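Here's the structure we're looking at; comments come further down.
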There are 4 protein chains.
Amino acid sequence: MDKNKIINDPVHGFIRLSGQKVFNIIDHPDFQRLRSIKQLGLTNLVYPGALHTRFQHAIGAYHLTTLALETLILKGVEITEEESEATKLAILLHDIGHGPFSHALESTLLQHIHHEEVTLLFMEKLNQEFNGDLDLAISIFKGLYHKKFLNQLISSQLDMDRMDYLKRDSFFTGVYEANIGSERIIMMLNVMDNELVMDEKAIFSIEKFLMSRRFMYWQVYLHKTVIGAENHLVKILRRAKELKQNGEDLFCLPNLLPFLSKDYSLQDFQINSNLLNIFAQIDDGDIYACIKQWTHHPDKVLSFLSKNLLNRKLFNTKLIVDKSSSLEELEIIKSQVAKDLNIPLELTSYFVFTDEVSNTLYNNQKQPIKVLTKSGQLIDFDKLNDVFSSSIMTQTLTKYFCCYPKNYQTTF
Amino acid sequence: MDKNKIINDPVHGFIRLSGQKVFNIIDHPDFQRLRSIKQLGLTNLVYPGALHTRFQHAIGAYHLTTLALETLILKGVEITEEESEATKLAILLHDIGHGPFSHALESTLLQHIHHEEVTLLFMEKLNQEFNGDLDLAISIFKGLYHKKFLNQLISSQLDMDRMDYLKRDSFFTGVYEANIGSERIIMMLNVMDNELVMDEKAIFSIEKFLMSRRFMYWQVYLHKTVIGAENHLVKILRRAKELKQNGEDLFCLPNLLPFLSKDYSLQDFQINSNLLNIFAQIDDGDIYACIKQWTHHPDKVLSFLSKNLLNRKLFNTKLIVDKSSSLEELEIIKSQVAKDLNIPLELTSYFVFTDEVSNTLYNNQKQPIKVLTKSGQLIDFDKLNDVFSSSIMTQTLTKYFCCYPKNYQTTF
Amino acid sequence: MDKNKIINDPVHGFIRLSGQKVFNIIDHPDFQRLRSIKQLGLTNLVYPGALHTRFQHAIGAYHLTTLALETLILKGVEITEEESEATKLAILLHDIGHGPFSHALESTLLQHIHHEEVTLLFMEKLNQEFNGDLDLAISIFKGLYHKKFLNQLISSQLDMDRMDYLKRDSFFTGVYEANIGSERIIMMLNVMDNELVMDEKAIFSIEKFLMSRRFMYWQVYLHKTVIGAENHLVKILRRAKELKQNGEDLFCLPNLLPFLSKDYSLQDFQINSNLLNIFAQIDDGDIYACIKQWTHHPDKVLSFLSKNLLNRKLFNTKLIVDKSSSLEELEIIKSQVAKDLNIPLELTSYFVFTDEVSNTLYNNQKQPIKVLTKSGQLIDFDKLNDVFSSSIMTQTLTKYFCCYPKNYQTTF
Amino acid sequence: MDKNKIINDPVHGFIRLSGQKVFNIIDHPDFQRLRSIKQLGLTNLVYPGALHTRFQHAIGAYHLTTLALETLILKGVEITEEESEATKLAILLHDIGHGPFSHALESTLLQHIHHEEVTLLFMEKLNQEFNGDLDLAISIFKGLYHKKFLNQLISSQLDMDRMDYLKRDSFFTGVYEANIGSERIIMMLNVMDNELVMDEKAIFSIEKFLMSRRFMYWQVYLHKTVIGAENHLVKILRRAKELKQNGEDLFCLPNLLPFLSKDYSLQDFQINSNLLNIFAQIDDGDIYACIKQWTHHPDKVLSFLSKNLLNRKLFNTKLIVDKSSSLEELEIIKSQVAKDLNIPLELTSYFVFTDEVSNTLYNNQKQPIKVLTKSGQLIDFDKLNDVFSSSIMTQTLTKYFCCYPKNYQTTF
């Protein structure tokens, strides 16, 4: 094994990996599987470049964490080599629990268990395999370690996770105006009272970072066609599961089968360790391979939805302002769909439906950004900033929308 | 349908699509399938960013062709709107015949038919569907149309295909020093005697373009780990086919099945039009989904190779300089492998083998680059250039290499 | 003369210039002089890359205006060729009245006349030289032409001037996170009721644009060392003028001399047309050449300040929060300086002084940004946006600061 | 003084400076003067972005040298902290002897002394001021230090000087296809037998680097309009010197005066230490300020040339292929110019003249690039490479050209 390994990353340039424990994790099949799971799911249907994977993101976040640790050490913060390595292992693994099309999967096949719980299952499994190599990493990841700032590098309002994904998502979507200055922000990190803090002169960079995040939310993450596509996938998986559980004949790849047939809980995963191994076999390609077969299924709902997704005949997705009048129109569309597809009215909810998305720019409850003023005080960023009035920055914004097939019309 | 459609491309920025015929092609399932076929196959195992698809490349080449046509028109070259649209349709479709992991597939499942022949099959199929909309495009693509330069925009030593893929591959691999100045080159295009030519001051840009191509060949396209991975896939598909044709039980997705079971010729495709439709269903994900199932197959060769590819335990790939001594060492490895895996010696050729790759920097036979001197003469680029002596530039370079499993050793 | 001229711009790529009138302006000495006037004055003392000139900016703004006009025409807005050319001429000339170190000059040598008035003087002079070629351009520039939106492309809260300078300043300073999506914004321009408007989906881009502007203000334009340097230059020029007007012997280049000797008004420029020609001779290099000579002047104030600027021994610049205590400390420094330099106390105001800078993010009075909602209404951007509460976005922010020589200390 | 200082460089990003000796050099007036000396002289007349200075380049080369030293240390090469610091000081100072418009100046005002000799004069002067701080740096710079590879980082066919200027010149001219992979090349540096060598797998990167260099030569450094402009400046300075030495009245800034009046030798500089101080006062702006005054001079040659340069009415510059016929035509133009300007025929050599430029892609005599093969041999790059036949790569290419005023015509 090389003492150093270089990865050529279009976002950060050359990334140097080092340390046997790091190599062990990266070479492990559970980590390699992230190569086949896209970071942004179906977003590539709108932004064709958005094909980057959770593998790339994990490596990128590792890189930024390395830079951040170096900066802190240079500023005199005490961090041992073990702590440094453990923090890097923790960030490498922070998203390992994600399955393909994570959001869609979590609302269908994996309803009762959250990807963060799966992440911990993987971490513990790997820790066993590697004889406790991950003890400290897990402790830091869980926020149990006394040097709280190490956890905050991995999980806070300004963590290396966000720092990488914003930059990376902006790069691969081509929405380059959301490019953030991760180097500048990292340079201004510091530690005070065991907390990760930012120097005062960083406030404009933080502001800029939050605005880029906001921009990415509206231009990419919550783009209505993307939302529509994700719901499209949810409907397909729900229908497939329904058919399966009704005992109908349905093509399914063996690794996906258990999750279509039954609803598993966290407890199930804990009792039956094989379940995690099966889950680890599923990637984006499997979901698509099944959907491709389902285009020939006799169930009209399933085949119609499957064909449309594959051929990118996505739903019309519209924001709803006036609820009652919109719902009325949607009822009319439902009856048209029922007639056109010759299906019972109740099944039209697979084609015509409403939903909501929401987003909070800044969560001042969960690991808020602390700013270290020149006079030595620690102040929460949202109390310091003069542009975003705190209530706006921290309030949750919710948008209601509806979806219906492309060839139908609404007036709103 | 919008009169204009904008695609956000990280490589070229905003790409404007226009025209109903263009929309018809792009929205067609046969074209949409290119979204699931990576441009560079398994290269992402070495350069993790190389996940871009043939869909993106086709759109990018369309964009550069649009720029080139605009430039020529501005320079006074006569091009009608119909010719312009047909050229754009032709470039959009120039690679539509590619299947997943094209090179590997063509040497296994699709041995008797070349992707360019498949491209023509698709073009003719679509032309029928769209009532002759592609007549002119096909004529240009085949080089039959009297304005020869339109064909040369699509297929020559300096065509818009190469212009896009070099730039795009360089971008997504992160090998940014191979970035070419496509804008500069396009600006210097001209037409003389119905031939696409370059202004004389372009010679340094052409040189630079050829060197970038050479650089990409050695750093990416012929990177030995990439070559090893492609051969790895070839071995898997060959073994699967062998097992299938020997009547063994083998998981296979329905769309892949016919091609594992039988060898089809171009004639078969022409007679049975459904064959093309089945072929059109296969993408990268299907191949991977099958390989994943094959990891559990009782045949050791298939399962071992499959597991290794999925977990990125790739072959050691080495250049061979001294053939005889190298072959001797490989024979020793073969017997070790036979022993270690407990398989007959003859099957070790799936694990230990040699092959060759070759590359010609510049083909002065096939649509050579013509340079228009200030004095009005047309000269072949390779006769004009003072750096590359013609023989070196146009000679075919061949390298021999061998592959063997990671945990074995050679001295060369 | 070429029918087309291409300029290679690192920010926008190849810029195509066309039209005889455009060539006439660009080739004119009054325009060529902009090559020697830096866009950001002394900012390069903090950001060494910030050496780009008003020439580059004018060409860049011309380019974006060309794109904007093309977009509007494509959307069906009626714009004749004459109007298009005139708008481009107007943007080319929009900053021609700037002298070297504009802000410093306007508060010293050119106190009674604003650079926008000088711009009009130049435009009228050139219009005469070119026999009325600029009639329409001037009318558009002044906002007199009935198609108001053409003027708004040149001068409004979202004009092509800002669109270029933000992108350019961000590029050359290396503050790349302030990179704006000018292409995206331009694509969403429209015209309604003769006003330049933005499509509703543009609001996040506008927001992003305003935030980039804010970011550049605090990181670059109002960077305290930059502010200190500009004040440094002001002090030098004031002292030189004072000495000159007191009849002291002082080296001065002939083209700068009149402006050191006398205060001219707009009327003076209008009466004596030669004054503009002399003014047109001054560039950044002349100011520096004089300062270099002044380092040897017997007046200690002038020589000390001059030497310090040349050798980048800039003032300490600090924000003032508590005014009274700060002023007290500054008085102490003044007396130290008087003693150390052996100068009268009254002259220490050249070395120790306070000033203020202010900035308004968005001026909702002057050509506000109008947004065209899907329902067809025109709404002012600041009334629509949900992040910036209107008062914060439109309020003027003022900061007080002080400067004093580097080797002195304050406690605040 | 900060323990660390960060400079924001648009080319390399954040550059960290450290060490008191480094700060001392950077803050010194002799180094600060490089802020006013453009790296590429008059090239901005063709590529308007090419305004970057020798200051930026020195800082950039320092940065790459820091990276290279870190890489070598990581690979186990023994380099002490003193050696590392000295190498960085040497690269910081490697170009300090350049005056404004170096090439033009060296063939006019500073005919008998080369900028590299001036560099050593500056180094020794600074070494005295800083009490021997530069002893080791000077020894390394001169190639006297036993660790030869340290000198090769500063001065060889693949030194950090070239590595920075190629990347920087490409960036600011906007000729981005000449962007080199300095990071990749630096990563492949090694030391063998006290010599700087490259790993074998670097040969394509070296090739690419040489081709970028070639590309920059023909597109930028030897661009014919740039060559014409430099000759234009040479003619102005020669005429001014001639007039001055003939005793004519001529405006001249005091710091330029001595060099117009007399020809100094290296010995003069060594004897009269003040001469270097005067030389250190001259920058780009001074030359331009003088030329501006000379536009009013009664000598027609001087005023005409000066006006033309300022207003960018540059010479027509053409390559000469057929010498005798071209010279004939030029004689005709000379007599026309004599008549049109009413000057004696002999003075027309200021307006109509020939010259030559030459370039060697790779000098295999002067510190050739050594490649370390896998078998442990050291081979000269030009003997290894299979593309460039050695003779072509190392031969000197010379082009002949002529200049004449814009409004005259030739047939060649």
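Bear in mind that the values here come from a model prediction, so they are computed numbers and not experimental data. All chains are named by letter (A, B, ...) in the order of the sequence lines, taking the proteins before the strands, and each is independently numbered beginning at 1. No hydrogens, no waters, no symmetry mates; every other heavy atom, side chains included, goes into these values.
- For chain B, the nearby parts of Ser205(D) are the backbone and the side chain; heavy atoms of each come within less than 4.5 Å.
- Residues Lys208(B) and Ser212(D) share a closest heavy-atom pair of CE-OG, 4.2 Å.
- Smallest separation of non-hydrogen atoms from Trp218(D) and Phe204(B): CD1-CE2, 2.8 Å.
- Going from atom CG of Leu210(B) over to atom CE of Met211(D) covers 8.5 Å, rounded to the nearest 0.5 Å.
- No more than 12 heavy atoms of other residues, nucleotides or ligands shown are found within 6.0 angstrom of CD on Gln409(D).
- Interface summary for chain D: among Glu177(B), Gln219(B), Lys374(B), Lys201(B), the most heavy-atom pairs under 4.5 angstrom belong to Glu177(B).
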